[in-house]
Amino acid sequence: MPDIIKNKTVVADDWNILRLAEGETAETVSVPQGRVVVPLTVWKAQRETLQQRSELGVWLASDERPEELKGELDHFAVVAVDFPKFADGRGYSIAYNLRARLGYTGQLRAIGDVLRDQLFYMQRVGFDAFAVRADKNIHDAVKGLTDFSEKYQTSWDEKNPLFRRVRRTNAQAAD
């Protein structure tokens with residue numbers, strides 16, 4: 001069982017991520033029993049069958065819209081967002097929209113090409129679980145969540161910018 005970072009701690013991951021193999025389709029792929037996170041395309045194609053399951057998650061590709069899950073988020077214990085490559089930042093917007101606009105309160109997991117350098121910023125937009133790339137040291141990566149001691153701008157995890165949180169005296173303001 002691989003490890004993930006969940007709530008700033010390295011833990012064993014008991015969820016399986018379903019990825020379609022070549023030749024498989026969303027309509028015909030067999031979804032295994034147990035805790036499984038399915039692609040959005042599989043959820044949409046097999047919704048009637050899958051909505052009966054109590055332990056189910058869904059993952060979104062970086063080019064999919066979280067609004068497609070509006071009204072259905074309560075079906076999922078886990079929502080994951082796939083980062084196909086380090087430089088693809090669309091997943092940050094997806095996560096923020098899931099939390100801020102759609103009100104998702106369950107586990108929000110980053111999967112794919114997830115590296116230490118991204119974790120601090122990923123948690124700022126609402127991620128609370130991270131499946132770090134397999135060739136990276138997860139115990140080193142978890143330190144990325146605390147790389148910075150202060151946040152300047154607003155986001156999901158901090159509603160006020162730094163200038164509103166710091167009280168300055170007149171002497172400090174003149175410097």
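Since we're looking at a predicted model, the values are computed, not measured.
Nearest approach of Pro32 to Leu18, heavy atoms of both residues: CD-CD1, 4.4 Å. Closest approach of Ile94 and Glu64 over heavy atoms only: CD1-O, 3.5 Å. In terms of heavy-atom proximity, Arg109 sits nearest to Ile4 at NH2-CD1, 3.4 Å. Closest approach of Leu108 and Tyr104 over heavy atoms only: N-CE2, 4.3 Å. Contact record, Asp3 with Ala12: OD1-CA, 3.6 Å, taken as the closest heavy-atom pair. The nearest pair of heavy atoms linking Asp88 to Ser62 is OD2-OG, 3.0 Å.
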Just do the side chain to side chain contact (heavy atoms under 4.5 Å, CB included) check on Glu68 and Leu60 with the steps written out, would you? CA-CA 10 Å; Glu68 292 189 58; Leu60 292 97; 6.0 Å; no

Dump the intermediate steps for side chain to side chain contact (heavy atoms under 4.5 Å, CB included) on Arg133 and Leu115, then the final yes or no. CA-CA 6 Å; Arg133 204 169 76 187; Leu115 305 174; 3.8 Å; yes

Kindly determine whether Leu73 and Leu98 satisfy side chain to side chain contact (heavy atoms under 4.5 Å, CB included), including the steps that lead there. CA-CA 9 Å; Leu73 287 167; Leu98 281 164; 4.0 Å; yes

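Atoms NE2 and CD1, from His139 and Ile5 in turn, are 9.0 Å apart once rounded to the nearest 0.5 Å. From Arg116, atom CZ reaches atom CG of Asp140 across 4.5 Å, with rounding to the nearest 0.5 Å. In this structure, the separation between NE2 on His75 and CG on Leu50 is 10.5 Å, given to the nearest 0.5 Å. The distance from the OG atom of Ser30 to the CD atom of Gln46 is 8.0 Å, given to the nearest 0.5 Å. Here Lys8 contributes atom NZ and Leu145 contributes atom CG; the two are 6.5 Å apart, rounded to the nearest 0.5 Å. With rounding to the nearest 0.5 angstrom, the CD atom of Gln33 is 11.5 Å from the CG atom of Asn16.
Of the options Lys85, Lys136, Gln118, a side-chain contact (heavy atoms from CB on, under 4.5 Å) to Asp113 is made by Lys85 and by none of the others.
No continuous path of ILVMFWY side-chain contacts below 4.5 Å connects Val11 to Phe130, so the two sit in separate hydrophobic clusters. Hydrophobic cluster membership differs between Leu119 and Phe86, with clusters built from Ile, Leu, Val, Met, Phe, Trp and Tyr side chains linked at under 4.5 angstrom.
Remark: Arg53 CZ is packed, more than 12 non-hydrogen atoms of other residues, nucleotides or ligands lying under 6.0 Å away. Enclosure of atom CZ in Arg65 is not indicated, since only 12 or fewer non-hydrogen atoms of other residues, nucleotides or ligands lie within 6.0 angstrom.
Although no hydrogens or angles enter the test, the distance criterion places no donor-acceptor pair under 3.5 Å between the side chain of Gln52 and the main chain of Thr49. The backbone N or O of Gln51 lies less than 3.5 Å from no partner atom in the side chain of Glu72, so there is not a single donor-acceptor pair. Remark: the backbone N or O of Ala129 is not paired with any side-chain donor or acceptor of Gln107 at under 3.5 angstrom.
Two residues are said to be in side-chain contact when any heavy atoms from C-beta on lie closer than 4.5 Å; Leu69 and Leu102 fail this criterion.
Listed by chain and number, the hydrophobic cluster partners of Val37 are Trp15, Ile17, Trp59, Val78, Ile111, where partners are ILVMFWY side chains within reach of under 4.5 Å, directly or through others.
In this pair, Tyr92 and Phe83 present their aromatic rings perpendicular. The plane angle is above 60°, beyond the 30 to 60° band.
Salt bridge annotation for Arg99-Asp128: present, with a cationic side-chain nitrogen under 4.0 angstrom from a carboxylate oxygen.
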